[in-house]
**Student:** 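One structure, as structure tokens, below. Some questions next.
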Amino acid sequence: MSAAPAPSLAKRIASRGPDALVTREVDHLVSKLLSEIRVPFGSLGTRVLNQLSDLKKILSTDYMEVPALPKKPLVEKLARIVETDIKQHTPTYEGLADLGSPELISHLQNLFGPRELELRAEPYTTGAGLSLRGFYCRAEVGPKSKFVIFVNTAHHPGAVAATLGHELGHYIYGSLVGEKAAHTAFMEGAFANHLMEEDELFADSLVALAAYGTDSLDRLDSIEQLKPGSSDDLFNRIKSAYKMIGPRYNLDLAKGKMAAAWRVRYLTSMAHFLKLRCALYKSAGI
Ligand SMILES: [Zn+2]
């Protein structure tokens with residue numbers, strides 16, 4: 001006959017219980033997602049494993065509990081900017097891919113200046129190369145002060161569009177809330193880090209709001225925190241978001257010619273923007 005565990009030990013086991021179950025649920029969800037994008041579980045290299053840890057963090061985090069989630073008044077302002085400025089000042093707005101339109105850039109500059117907004121879109125494959133998706137910097141050029149956005153066009157067009165939206169979000173945040181660090185790079189493997197900073201989540205919120213209009217909300221609705229037994233629901237929502245977004249950018253994550261690490265990366269990005277969009281809907285009613 002074995003003795004019952006001491007109360008403190010029992011408490012520790014009980015408190016560890018749900019976490020272990022959620023971890024198992026996340027593992028189950030990840031393996032379903034990987035088989036969906038045909039990334040073989042048995043042959044994962046270090047790069048893919050690093051991307052997977054970011055994906056797990058994104059999937060297991062309750063976005064409603066993230067302190068850096070922008071507060072309702074700020075989300076309302078941003079949503080208005082997306083609807084009335086971004087969508088209305090782009091000649092034929094069809095989605096994120098149109099954010100680089102010169103008309104929109106000059107409209108945003110008039111609204112959120114005085115810093116002049118300059119966009120540089122080029123393929124960077126050397127040095128930091130593909131690991132860099134984009135960044136911004138503020139510069140004084142003669143009498144002008146500029147906000148220069150660099151976007152690495154060597155990425156898939158869907159990722160390029162999201163990066164541009166993110167950097168425009170920093171420009172707008174600087175005007176609405178105040179300018180933060182002088183220089184921020186949008187490097188790979190860093191989505192989980194965005195959950196720690198309000199300006200990063202604000203910048204991502206621009207992407208989420210522009211990508212998922214209010215018309216898609218009845219399909220997306222709010223996502224409940226991942227609980228034991230609930231991963232099929234999140235799996236189906238990610239899948240339906242992918243079905244909506246994928247064809248728009250001709251993005252096929254199951255295609256073998258795209259490296260596995262990138263397929264996991266883009267999947268993480270999609271899950272992040274989807275969860276963020278649902279959290280904005282749930283927290284701000286937008
Ligand atoms: Zn950023």
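Computed from a predicted structure; not experimentally measured. All ligand and atom numbering here is 1-based and tracks the order in the structure.
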**Student:** Salt bridge between Arg138 and Glu179, side-chain N to carboxylate O under 4.0 Å?
**Tutor:**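 Judged by the 4.0 Å cut-off on N to carboxylate O distance, Arg138 and Glu179 do form a salt bridge.
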**Student:** Looking only at side chains, do Glu200 and His170 share a donor and an acceptor under 3.5 Å apart?
**Tutor:** yes
**Student:** Mind checking whether the Zn ion (ligand 1) has an N, O or S of Glu200 under 2.8 Å?
**Tutor:** yes
**Student:** Tell me whether the Zn ion (ligand 1) has His194 as a neighbour, meaning an N, O or S atom of it below 2.8 Å.
**Tutor:** no
**Student:** Kindly say whether Leu253 contributes a backbone atom to a donor-acceptor pair with the side chain of Tyr242 at under 3.5 angstrom?
**Tutor:** yes
**Student:** With the Zn ion (ligand 1) at the center, what angle do NE2 from His166 and NE2 from His170 span, rounded to 10 degrees?
**Tutor:**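 Nearest ten degrees: 100°.
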**Student:** Hey, are the side chains of Tyr281 and Tyr212 touching, using non-hydrogen atoms and a 4.5 Å cut-off?
**Tutor:**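 The answer is no, as the side chains (C-beta and beyond) never meet within the 4.5 Å cut-off.
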